[in-house]
Undergrad: 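Pasting a structure here, questions to come.
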Amino acid sequence: MNQHILIVEDEVKIASLLQDYLRLDSFDSSHLERGDIVEDWLNHHQPDLILLDIMLPGLSGLEVCKRIRQHSQIPIILLTARVEEIDRLLGLELGADDYICKPFSPREVVARVKTVLRRSANNNSNAAKNDLRLDTDAYRAWLQGHDLELTAVEFLLLATLVQHRGRIFNREQLMNAIYSDNRIVADRTIDSHIKKIRRKIAQILPEQELIHSLYGAGYKYEW
Ligand code: CA
């Protein structure tokens, strides 16, 4: 599937020129002419990158960029009409991935688009290295895409810790989290379950400690 670029640009000629060049490189693209409709559009579409002009009707590109960054890490390249503005923009820490100055050659823009997309793909694959997913309906946990094959009790223990990342649970709290019938179980039971979970984690991530024990206090999850 082609990657999809959103162009937000009120100068229609520039936008359609960019669309032509993007098409030549097998990108799909969409075009919006106003800043104030971008957020709504993004609620219904998932482009791979945004080319965002700064001087826009409705809402400035700077404001659009800031708002997008509150909830999304989608790559953004800002288009500015003034080279001397770039320093100021950098100082604003808008979270844009790159800046391109007008007038630009469409070829250059496409090259920058590719660079930014490549960089962001690398970042994402790094992020995926810290990947623990829980399916609380099926009681299954995947670490880096591998099923940890936990028992129900082990799953509940891990889920309790993960869902309160960083919080320390003592053994009694953990027991309450996994047994609803107030049954009496030895402290050692929790320790031995934790030990088994750790062993399963170690088969996938031998170097990494995910469940930390704090002597006399209990356990916490931190990655
Ligand atoms: Ca403009």
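Both counts, for ligands and for their atoms, begin at 1 and track the order of listing.
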Undergrad: According to ring-ring contact (aromatic ring centres under 6.0 Å, His included), does anything in residues 48-67 pair up with another residue at least two apart or in another chain? List the pairs.
TA: none
Undergrad: When you measure from the Ca ion (ligand 1) to the N, O or S atoms of D10, does any of those distances fall below 3.0 Å?
TA: yes
Undergrad: Taking the N/O/S atoms of D53 one by one, which is nearest to the Ca ion (ligand 1)?
TA: OD2
Undergrad: In Å, rounded to the nearest 0.5 Å, how long is the span from CG of L210 to CG of L132?
TA: 7.0 Å
Undergrad: Counting only heavy atoms from other residues, nucleotides and ligands, does the tally under 6.0 Å from CZ of R167 exceed 12?
TA: yes
Undergrad: Regarding D191 and R188, does a basic nitrogen lie under 4.0 Å from an acidic carboxylate oxygen?
TA: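 No, no charged N to carboxylate O under 4.0 Å.
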Undergrad: For the Ca ion (ligand 1), does an N/O/S atom of E9 lie at less than 3.0 Å?
TA: no
